[in-house]
Amino acid sequence: MPPRLLNVNELLASLAAMGGFVLGSFVMLAIRRQTYKPPEPDPVDDTLPPGVASVLAVLPSSAVVLDREDRVLRASSAARAFGLVRGESLMAAELLALARKVRRDGEIRESEIETAGRKFGQESTSFAVRVAPLGSHGQVLVLAEDQTERQRVEAVRRDFVANVSHELKTPVGALSLLAETIEDAADDPEAVKRFSGRMQHEAARLTYLVQDLITLSRIQGGEPIPAPEQVPVDETVHEAIDRCNTKAAAKDITLVAGGTEGLKVWGDEELLVTALRNLIDNAVAYSPEHTRVVISARPAGNAVEVSVSDQGIGIPESAQERIFERFFRVDAARSRATGGTGLGLAIVKHVAGAHGGEVTVWSKEGSGSTFTLRLPAFGGQAVPVPSTTIPQEAAK
């Protein structure tokens, strides 16, 4: 075989081998493209650890579980009611920031936050917050306890203690000063008589204050009357009038009982007498001399209304919403001059509440005031009950 022909055959073999290699490479590449799939990210575990859902269902506080993408997996009804959660989103930015910090370092965090109020007249809602990691998939548990009412009660308690301290300090200080004055004026019988009278006045004021505090502490818890009984309204009104006659007579003020007779209510007679006495005392204290105060009862569906009306100076409209607060006085100087403790109307309010009733006021400056005590009727219907007392004419 000639040498040149051999070289051509070798060249053709080499080209064939190279073509096969290239074709095989294309085939392998096509197969690899068909079988290769890029790695998928780990799926998000949106299931709660065993038992967590049951625990969250019975928690009284607002509870929220977030996944690692900050989506809400579970939220209690309280959390949604307070507006902390809407749909799958946590609405409080402060809580969301805490949750991300906890997810990042795994440390439990506690804080206090305030959100916009969800109730009418409520400016904001205060929460004690605890945020903790949950499981190993980036889930976070958020617990928020509403402490708005607790803070309000604590503020009321502080104010009450401060007011009591102030009210007690005044008569106690006056008694101490008067005692020293009497000692210095031992040789002046007229001065001793005058200062001893002032001491009796301050001692009486101190006694009234202590009695009112005891009464208020007894009923301010809001518990219902432990052993209610039927109470004749007529007897309650007359007893309250008898206890106020001395003060009324000193100002020539006539106390008049009227309205429907024979009505009865459920409750505690002594507490109801105390409430009416306080209303009548207030009416006498803020009425001019030679006027009258009218106490009347009338049926009102399933309740009985007892009203105390005076011809006094009236109450400014701006103060009418606050007059039932403890120690609130429209005219502090006049109240102290008449021996008022600032607790009378607060006692009336709590007595009404303890009986399942309410007290309301109508007043106009210069035209007097009317306080109305509304109480549940005995038997569920305010029907006058005929008196069993024998008339004096028939007894003769």
Chemist: Can any side-chain N or O of R100 pair as donor or acceptor with the backbone N or O of L95 at less than 3.5 Å?
Modeler: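 Here the side-chain-to-backbone pair does not exist.
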
Chemist: Can V294 be reached from L276 by stepping across I, L, V, M, F, W or Y side chains whose heavy atoms are under 4.5 Å apart?
Modeler: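 No, because L276 and V294 fall into different hydrophobic clusters, even though each may have its own neighbours under 4.5 Å.
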
Chemist: Using a 3.5 Å distance criterion without hydrogens, assess whether the side chain of H355 forms a donor-acceptor pair with backbone atoms of D268.
Modeler: yes

Chemist: With a 3.5 Å distance limit and no angle check, can you tell me whether S176 reaches the backbone of G173 through a side-chain donor-acceptor pair?
Modeler: no

Chemist: Please check: side-chain N/O of T236 versus main-chain N/O of P232, any donor-acceptor pairing under 3.5 Å?
Modeler: yes

Chemist: Of the non-hydrogen atoms in Q320 and I315, which two are nearest, and what is the gap between them?
Modeler: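 In this case the closest contact between Q320 and I315 is NE2-O, 3.2 Å.
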
Chemist: Roughly how far, to the nearest 0.5 Å, is the CD atom of E114 from the CD atom of Q147?
Modeler: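 Between atom CD of Q147 and atom CD of E114 there are 9.0 Å.
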
Chemist: Flag the pair T291 / D310 as yes when at least one side-chain heavy-atom distance between them is below 4.5 Å, and no otherwise.
Modeler: no

Chemist: Does a salt bridge link D105 with K101, judged by any charged N lying under 4.0 Å from a carboxylate O?
Modeler: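 Looking at K101 together with D105, the answer is no, because their closest N to O distance does not fall below 4.0 Å.
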
Chemist: Go through the steps to decide whether I182 and S196 satisfy the test side chain to side chain contact (heavy atoms under 4.5 Å, CB included), and finish with yes or no.
Modeler: CA-CA 8 Å; I182 288 178; S196 64; 4.2 Å; yes

Chemist: V65 vs L134, test: side chain to side chain contact (heavy atoms under 4.5 Å, CB included). Steps then yes/no.
Modeler: CA-CA 8 Å; V65 177; L134 186 65; 3.9 Å; yes

Chemist: Tell me whether K251 is salt-bridged to E289, with the criterion being a basic N under 4.0 Å from an acidic carboxylate O.
Modeler: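 No salt bridge links K251 with E289.
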
Chemist: Under the criterion side chain to side chain contact (heavy atoms under 4.5 Å, CB included), I'd like the reasoning laid out for E94 against S111: C-alpha separation, chi angles, the key distance, then a yes or no.
Modeler: CA-CA 10 Å; E94 294 178 70; S111 182; 5.6 Å; no

Chemist: Are the side chains of K364 and W362 in contact, using a 4.5 Å heavy-atom criterion?
Modeler: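 Yes; the side chains approach each other to less than 4.5 Å.
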
Chemist: Can you check whether T125 reaches F82 side chain to side chain, under 4.5 Å on heavy atoms?
Modeler: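 Result yes, sub-4.5 Å side-chain heavy-atom pair found.
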
Chemist: Identify the heavy atoms of A79 and A63 that sit nearest to each other, and give their distance.
Modeler: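 Reported closest heavy-atom pair: CB-O, 4.0 Å.
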
Chemist: Flag the pair E270 and R243 as a salt bridge only when some basic side-chain nitrogen lies within less than 4.0 angstrom of an acidic carboxylate oxygen.
Modeler: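 Salt bridge present between E270 and R243.
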
Chemist: Determine whether the side chains of S307 and T372 contain a donor N or O and an acceptor N or O closer than 3.5 Å.
Modeler: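 The answer is yes; a qualifying pair exists.
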
Chemist: Would you call I323 and F371 a side-chain contact if the rule is heavy atoms closer than 4.5 Å?
Modeler: yes

Chemist: Compare every heavy atom of G312 with every heavy atom of P288, then report the nearest pair and how far apart it is.
Modeler: CD-CA, 3.8 Å

Chemist: Working to the nearest 0.5 Å, report the span between OG1 of T181 and CZ of R194.
Modeler: 10.0 Å

Chemist: Mind checking whether P133 and R103 have side chains closer than 4.5 Å, heavy atoms only?
Modeler: no

Chemist: Quick check on the hydrophobic clustering: are M91 and V72 connected, directly or via other members, by side-chain heavy-atom contacts under 4.5 Å?
Modeler: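 In one cluster: no.
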
Chemist: Apply the test side chain to side chain contact (heavy atoms under 4.5 Å, CB included) to residues L345 and N278: give CA-CA distance (whole Å), side-chain angles for both, the deciding distance (0.1 Å), then the verdict.
Modeler: CA-CA 7 Å; L345 291 180; N278 277 297; over 6 Å; no

Chemist: Could you state the interatomic distance from OG (S367) to CD1 (I313), rounded to the nearest 0.5 Å?
Modeler: 12.0 Å

Chemist: Is the shortest heavy-atom distance from the side chain of T370 to the side chain of V308 under 4.5 Å?
Modeler: no

Chemist: Less than 4.0 angstrom from a charged side-chain N to a carboxylate O is my criterion; do E190 and K193 meet it?
Modeler: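 No, this pair does not count.
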
Chemist: Where do F127 and S62 come nearest, in terms of heavy atoms and distance?
Modeler: CE2-OG, 4.5 Å

Chemist: Side-chain heavy atoms nearer than 4.5 Å, only ILVMFWY residues, links allowed to pass through others: does that put M199 and V172 together?
Modeler: yes

Chemist: Under a 3.5 Å distance rule, please check whether Q311 uses its side chain to pair with a backbone N or O of R292 as donor and acceptor.
Modeler: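 Flag set: sc Q311 to bb R292 pair under 3.5 Å.
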
Chemist: Give, for atom CG of L84 and atom CG of L90, the distance between the pair rounded to the nearest 0.5 Å.
Modeler: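 If I round to the nearest 0.5 Å, the distance is 7.0 Å.
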
Chemist: Counting heavy atoms not belonging to R130, are there more than 12 under 6.0 Å from its CZ?
Modeler: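 Check fails, neighbour count at 12 or below.
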
Chemist: Does the side chain of V265 reach to within under 4.5 Å of the side chain of F378, using non-hydrogen atoms?
Modeler: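 Side-chain contact under 4.5 Å: no.
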
Chemist: Minimum heavy-atom separation for L263 and R298, please, with both atom names.
Modeler: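 Scanning both residues, the minimum pair turns out to be CD1-C, 3.7 Å.
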
Chemist: Do the side chain of D67 and the main chain of Q139 share a donor and acceptor less than 3.5 angstrom apart?
Modeler: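 Absent.
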
Chemist: Of all heavy-atom pairs between I253 and H290, which one has the smallest distance, and what is that distance?
Modeler: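 Smallest heavy-atom distance, with atoms named: CG1-N, 4.5 Å.
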
Chemist: Side-chain heavy atoms nearer than 4.5 Å, only ILVMFWY residues, links allowed to pass through others: does that put V237 and V256 together?
Modeler: no

Chemist: Output the distance between atom CD (E235) and atom CG (L272), rounded to the nearest 0.5 Å.
Modeler: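 If we round to the nearest 0.5 Å, E235:CD and L272:CG are 12.5 Å apart.
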
Chemist: If you round to the nearest 0.5 Å, how far is CG of D234 from OG1 of T260?
Modeler: 9.5 Å

Chemist: Mind checking whether V131 and L141 have side chains closer than 4.5 Å, heavy atoms only?
Modeler: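 Result no, sub-4.5 Å side-chain heavy-atom pair not found.
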
Chemist: Cluster question for you: counting only ILVMFWY and a side-chain heavy-atom cut-off of under 4.5 Å, with indirect links fine, are I241 and V273 together?
Modeler: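 No, it is not one cluster - the side chains of I241 and V273 are not joined through contacts under 4.5 Å.
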
